[in-house]
J.: 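Have a look at the structure that comes next, please.
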Amino acid sequence: METRTPVSRLSLVLLVASLPFAALAGCASERTAIGPADTAPLAGALGSVSSDEALQKLVEGNARFVGNKDNDTPRDVSRRSDLAKGQHPFAGILTCSDSRVPPELVFDQELGDLFVVRVAGNTADDVGMGSLEYAVEHLGVQLVVVMGHEKCGAVAAAVTTAKEGGELPGHLPAVVADILPVVKQGIADGGDAVHNCVWHNAANVAAKLRSQSPILSEAMEKGRLRICAAVYDLDTGMVRFLPQPPQSEKAGPAAPHGDIAHGESEHEAANDDHGHQHH
Ligand SMILES: [Zn+2]
């Protein structure tokens, strides 16, 4: 694993810093300002991208993806050799292994931009949590997104298991185990239980990261990390973000449905800001 070196991304950071700062999608934080004292511990983090800037880049990248507009960043050899000297991803993404949800494509980002953890059902076990801790502590990532997706097979398996019982084969019980706690609420919400559970699961995993990782919670307290939950829609290509709850939230009951609807509307508004048609 690489240690941070102050190389190569400064120009990109300056470019991003010069962009007009459009209203962000959900995942609002009460603490968005990150002062020099807060960033001081990140020695050598010359290329650090703030959580606000990182979220903006993801929202804009997703808008390009939805609109089928290519990112014109060249995938050239010099960029690859620059990255060989050290990585400086601007966001950590925890998402499902599903072949239809590759974050680099969904957010229209390039080699070295995203630090990605993928596991069926986008849950956070110790290895996943440790991976994100590395991204935050050693790579200076200031935004982590837990991204579920509609029609998730792992979530559907958890719903079926909860409704019908029975044993899943092999190691599959471990895949659904961390999803099962939100299934009762997802069913109680009425309507499509899988859809509901996808949202609840993403919110619940984000809450788990906030509350069960001392490294991540300390970074949040110092104002140099934001953890968001989001859901990707397979049909539209759109990623919708949930608002970030207060810092005091502990893992437990998933976000109520009203918050979910709020998150959807906020993100759709953000897409409108980018002149984007949503479905
Ligand atoms: Zn999935």
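Atoms within a ligand are numbered from 1 in the order they appear, just like the ligands themselves.
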J.: Spell out, as yes or no, whether a donor-acceptor pair under 3.5 Å connects the side chain of Lys151 to the backbone of Leu234.
T.: no
J.: Counting N and O atoms only, with roles assigned by atom type, does the side chain of Arg118 sit under 3.5 Å from a partner on the main chain of Cys96, one being a donor and the other an acceptor?
T.: yes
J.: Is there a donor-acceptor pair under 3.5 Å between the side chain of Glu53 and the backbone N or O of Ser50?
T.: yes
J.: Can any side-chain N or O of Asp189 pair as donor or acceptor with the backbone N or O of Asn196 at less than 3.5 Å?
T.: no
J.: Under 2.8 Å from the Zn ion (ligand 1), which protein N/O/S atoms are there?
T.: Cys96 SG, His149 NE2, Cys152 SG
J.: Arg100: which residues meet the salt bridge (Lys or Arg N to Asp or Glu O under 4.0 Å) condition with it, sequence neighbours left out?
T.: Asp98
J.: Is a side-chain donor or acceptor of Ser51 paired with a backbone partner of Arg226 at a separation under 3.5 angstrom?
T.: no
